[in-house]
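Each chain gets a letter, A, B and so on, in the order its sequence line appears, and its residues count up from 1. Computed over heavy atoms, backbone and side chain alike; hydrogens, waters and symmetry mates excluded.
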Protein chains: 2
Amino acid sequence: MTFEIISEAGSFGGIQGYYKHRSAVLGCDMRFSVYQPPAAQHHDVPILWYLSGLTCTEDNATVKAGFQRMASELGLMVVCPDTSPRGDDVPNDDAYDMGQGAGFYLDATSIPWKKNFRMYSYIRDELPALVSSMFAADETRQSITGHSMGGHGALTLFLKNRNKFKSVSAFAPIVSPTSCPWGQKALSKYLGAGNKDEWVDYDACALLERDGAANVNILIDQGLADPFLQDQLMPELFEDVCAKVGQDVTLRRQEGYDHSYFFIASFIEDHLRHHHKALTT
Amino acid sequence: MTFEIISEAGSFGGIQGYYKHRSAVLGCDMRFSVYQPPAAQHHDVPILWYLSGLTCTEDNATVKAGFQRMASELGLMVVCPDTSPRGDDVPNDDAYDMGQGAGFYLDATSIPWKKNFRMYSYIRDELPALVSSMFAADETRQSITGHSMGGHGALTLFLKNRNKFKSVSAFAPIVSPTSCPWGQKALSKYLGAGNKDEWVDYDACALLERDGAANVNILIDQGLADPFLQDQLMPELFEDVCAKVGQDVTLRRQEGYDHSYFFIASFIEDHLRHHHKALTT
């Protein structure tokens, strides 16, 4: 496995880097960012995955979420992948919520998407292997978080890989893609409108109902001034399933906060502490 | 004085807003950002001005510097202006270091620049009056900081208005525009190549030597991996003048840090604490 350094900069005593590699799973070149805390100079450190939302790249959270300060203090490596395969040879769509920038963290099964759009396998297998070969990362201690579409990615990747990730959290996640316009569009195109049986495999609410509660607390922050709250995000659906299956969840409704990175930055410290606790006990 | 709200978002218990107004001084529409800390809901709070560098707008520091957390805690209002007049009717230059995005915080005297390029008067007079009319801001308690070209702006605005600003700090400032290529180009175009007597009025080193030490500590952070360190920034020039005139300065050379916002974010807390101390004693 090879990679290329795009840039590396000092950040809170550690190193904030951007990297590029050829992804065999996605069939294209991919970029990602890695924050190495000062502790990584001395020993392997746990990894926190941060999955971004629609239209984002690896850059948005890296420059806007402000995770480096607390990641430095707690000794966490934070990895931000891109949100989809990229490039002229990769299928795309003019809409912001489909194609490049909108991978939905699933493995597509429909033409033309299935050749490249395999973000589920990329995030679960290929990128962790590369990151732990490149850096002082402890692959046995991983947790996952994300925002919006990336919150959906974090929840579903966690629920289907409970031995791989020690903890999960999310900012304003799409908790039920089968129930909202963003998700219904993506699932019908990536998986096929006639394959609704497969859809539940990428729906956090459905997975929790099917597989039962996980043995961890799930932390979710949701802004009450978020314009997507009622039609796309609907955290009450997740809350209902958690109550039904006995899942421990902390769903915090934050008054005055919208869907932006100003919201994420305001609460990122709590999420890093949540994961640090799970990763060090 | 009127203004338009572009957006407002919750941030660390306060409000991060973007605004637009018609500037009489600059003769164009201007944008700026204001962070209102929670304390501003109860009483007037001090103002910290953050002046950005070449190519930046009001947005860069607002989303990347991470000042909101500590501004919330310390009760500081942080205002980020744009870096020059803007618009189709405003003179420009194809180079990144001249014209729009490169106002150099001076009042130009040469044609075609002098009609619009009056960032010195805009930052010193027009924008503070507007901000204190709009928000719970205490105009008698103002401090100023900035990055690169904005560090030059902060130092020169402070040194020429010692009763207006309580304190000053800078990240990787251009300390002597008369001595570096960026500055020599800007000063020769905005003020005239033949008017070198006027140049010293916008050179922090020359102002300090001419007017003597200010009665405050000046805080400067400079990354040692900054690619502009040797040819453009030359902090040793400022250090030498400070020694000569007895100016109290804390110049911290930070190993491994470059010219980016990852550098600024790493040390912004120290700068906010520096200003808070001066603004509350």
Residue B:F263 versus chain A: region with a heavy atom under 4.5 Å
backbone
Let me know if B:A265 has heavy atoms under 4.5 Å from chain A in its side chain, its backbone, both or neither.
both
Gap separating the CZ atom of B:R69 from the CZ atom of A:R69, nearest 0.5 angstrom
3.0 Å
Taking every heavy atom of A:Y257 against every heavy atom of B:F12, the minimum-distance pair comes out as OH-N, 3.4 Å
Side chain, backbone, both or neither: which part of A:A9 has a non-hydrogen atom closer than 4.5 Å to chain B?
both
Best-contacting candidate, B:T62, B:D258, B:V63, against chain A by heavy atom pairs under 4.5 angstrom:
B:V63
